[in-house]
Amino acid sequence: MGTTQQADQHRSAHQRRRQLLEAADRVVLRDGPKASMNAIAAEAGITKPILYRHFGDKGGLYRALAKRHTDALLSALKAALDAPADRRARVEATLDTYLAAIEARPQVYRFLMHPEDGAAGADGATDAADTQLPERGFDVGRHSAPLLRRLGEELATVIEERVDLGPDSAQLARVWGHGIVGMMHAAGDWWLGERPCSRAQLASSLADLLWGRLSLVDDRAGSPGL
């Protein structure tokens, strides 16, 4: 097979995968955690075995959707950090960017973080018959924990690159990165469910909590700063 033909097939497969993820997104926006492989296959106009051929099982589709949305979120967070403002304003804007993302697409957030018990299992009996890949017991912790860890590591890298934390800066940056992500996730999850205050109030309060040490560290020379 020629190089050109191989490249065309790769582009075609990539485009098809993107189309399937867009169909999955539409179903998740409509159904949230109850989104099923049956519904996603129907939305994409294909049979479920073909959907499995691309993603393996619901866990594979979940990971692909998680990467898609995490990539977009990280891009938005970095843009907030690069905005022309003082550090306190950028910290608050970055927190607000995260909250705005989960507020704008709560069904997607709930699909990624709170798949309903039994939602995957409801697919399981049919899926097992069709593909020999049962989905019973979809483990949200097993799938969402890597998503949060990735966010923590990415934020740690940004912190280490931008501010001077002194000795053991790499380790401290990871502590801060994972700690900030944990705080954003826990506070955002609670806020999205109860709406006890405005988004602006929550972002400001969380920025106040972070501000003590952040107000004291220096930017790294030559970096965009934090």
Side-chain angles (χ1 to χ4, degrees), residues 6-79 97-98 100-155 157 178 181 184-185 188-189 192:
Q6 288 177 326
D8 287 344
Q9 288 185 346
H10 178 76
R11 281 193 295 270
S12 177
H14 179 76
Q15 181 179 14
R16 184 57 173 155
R17 184 179 174 87
R18 179 175 56 80
Q19 290 170 344
L20 293 176
L21 286 174
E22 288 171 354
D25 258 343
R26 292 192 295 272
V27 174
V28 170
L29 281 170
R30 184 186 72 221
D31 298 343
K34 294 181 180 179
S36 69
M37 298 294 270
N38 280 325
I40 292 168
E43 177 70 23
I46 59 174
T47 62
K48 194 161 54 174
I50 293 175
L51 188 61
Y52 278 118
R53 195 177 305 152
H54 284 271
F55 298 104
D57 59 9
K58 192 168 186 177
L61 177 62
Y62 174 98
R63 288 188 293 275
L65 284 173
K67 183 180 186 306
R68 177 183 175 93
H69 288 285
T70 303
D71 286 348
L73 177 59
L74 285 167
S75 178
L77 293 175
K78 288 176 181 177
T97 296
Y98 173 82
I102 67 174
E103 181 182 41
R105 307 188 82 183
Q107 291 286 63
V108 172
Y109 172 79
R110 293 184 180 110
F111 175 83
L112 294 176
M113 292 299 175
H114 297 291
E116 291 184 352
D117 291 340
D123 268 356
T126 303
D127 295 341
D130 288 349
T131 68
Q132 304 304 309
L133 290 170
E135 295 184 63
R136 296 186 185 281
F138 186 76
D139 184 348
V140 59
R142 182 166 63 89
H143 292 286
S144 62
L147 187 160
L148 293 173
R149 281 198 297 271
R150 181 190 170 198
L151 285 173
E153 290 294 334
E154 294 277 0
L155 183 54
T157 298
H178 288 283
V181 166
M184 288 194 305
H185 169 61
D189 195 80
L192 193 63

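The structure presented is a predicted model; accordingly, all values stated were derived computationally and were not measured.
- Here the closest non-hydrogen pair linking Tyr62 and Phe111 is CE1-O, 3.7 Å.
- Residue Ser36 comes nearest to Lys58 through the heavy atom pair CA-NZ, 4.4 Å, listed as atom of the first residue, atom of the second, then distance.
- Here the CE-CG distance, from Met184 to Leu148, works out to 9.5 Å after rounding to the nearest 0.5 Å.
- Minimum interatomic distance between Arg30 and Ala39 (heavy atoms only, all atoms of both residues): NH2-CB, 4.0 Å.
- Residue Tyr98 comes nearest to His185 through the heavy atom pair OH-CA, 3.6 Å, listed as atom of the first residue, atom of the second, then distance.
- The salt bridge (Lys or Arg N to Asp or Glu O under 4.0 Å) test applied to Glu103 returns Arg195, Arg199, not counting sequence neighbours.
- A salt bridge links Arg18 to Glu22: one of the charged nitrogens lies within less than 4.0 Å of a carboxylate oxygen.
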Tell me which donor-acceptor pairs under 3.5 Å the side chains of residues 68-75 have, and how far apart each pair is, sequence neighbours excluded?
residue	atom	partner	partner atom	Å
Arg68	NE	Asp25	OD2	2.9
His69	NE2	Asp25	OD1	2.7
Thr70	OG1	Ala66	O	2.6
Asp71	OD1	Arg150	NH1	2.9
Asp71	OD1	Arg150	NH2	2.6
Asp71	OD2	Lys67	NZ	2.8

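- When all heavy atoms are compared, the tightest approach of Leu20 to Ile46 is CD2-CD1, 3.5 Å.
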TODO: Just do the side chain to side chain contact (heavy atoms under 4.5 Å, CB included) check on Arg63 and Phe55 with the steps written out, would you?
DONE: CA-CA 9 Å; Arg63 288 188 293 275; Phe55 298 104; over 6 Å; no
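- Using a 4.5 Å heavy-atom threshold, the side chains of Glu154 and Val181 count as separate.
- Every side chain to side chain contact (heavy atoms under 4.5 Å, CB included) that Ile40 has, sequence neighbours left out, goes to Ala24, Val27, Leu51, Leu61.
- Between Gln107 and Pro33 the shortest heavy-atom distance is OE1-CD, 4.1 Å.
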